[in-house]
Amino acid sequence: MSTHPGLLLIDSPKAEEVQDLDIRRLLRELAELASKNHLQVLITTRDFDLVHDVLPDENIIEARDGKAFVVSDPHRRKGDEA
């Protein structure tokens with residue numbers, strides 16, 4: 001386990017028998033907290049409907065049907081080295 005200021009990782013919160021109403025409230029409150037405090041929150045889940053119901057589309061990165069995806073950095077300029 002490691003720490004990183006401003007980053008919170010949550011892996012499959014519904015796997016621990018969290019009720020739908022509770023997880024919806026948790027996601028909404030985390031989104032608000034992250035927005036107000038310039039934090040990053042990464043949540044993994046297979047419940048696409050839940051995420052799309054609660055979070056704005058610009059905050060969602062998803063891979064459907066097990067297909068890989070690449071997240072690009074919008075601030076990286078062409079030609080910059082990784």
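- Taking the salt bridge (Lys or Arg N to Asp or Glu O under 4.0 Å) definition, one finds that E58 meets it with nothing, sequence neighbours left out.
- The side-chain heavy atoms of L30 and I10, taken from C-beta on, include a pair separated by under 4.5 Å.
- For A34 against V41, the heavy-atom pair with the smallest separation is CB-CG2, 3.9 Å.
- For E29, the side-chain hydrogen bond (donor to acceptor under 3.5 Å, both in side chains) partners two or more places apart in sequence, or in a different chain, are R25.
- Hydrophobic clustering, with ILVMFWY side chains joined whenever heavy atoms are under 4.5 angstrom apart, groups L8 together with I23.
- For the salt bridge (Lys or Arg N to Asp or Glu O under 4.0 Å) test, residues two or more places apart in sequence or in another chain that qualify with R24 are D53.
- Applying the side-chain hydrogen bond (donor to acceptor under 3.5 Å, both in side chains) test to N37 and every residue at least two apart in sequence or in another chain returns nothing.
- A continuous path of ILVMFWY side-chain contacts below 4.5 Å connects L26 to I60, so both sit in one hydrophobic cluster.
- Partners of R28 by side-chain hydrogen bond (donor to acceptor under 3.5 Å, both in side chains), not counting sequence neighbours: none found.
- Sorted by first then second residue, the salt bridge (charged side-chain N to carboxylate O under 4.0 Å, His left out) pairs that include residues 39-50, not counting sequence neighbours, are K14-D47.
- Remark: L27 CG to N59 CG distance equals 11.5 Å, nearest 0.5 Å.
- We find the OG1-CD distance between T45 and E62 to be 11.0 Å, quoted to the nearest 0.5 Å.
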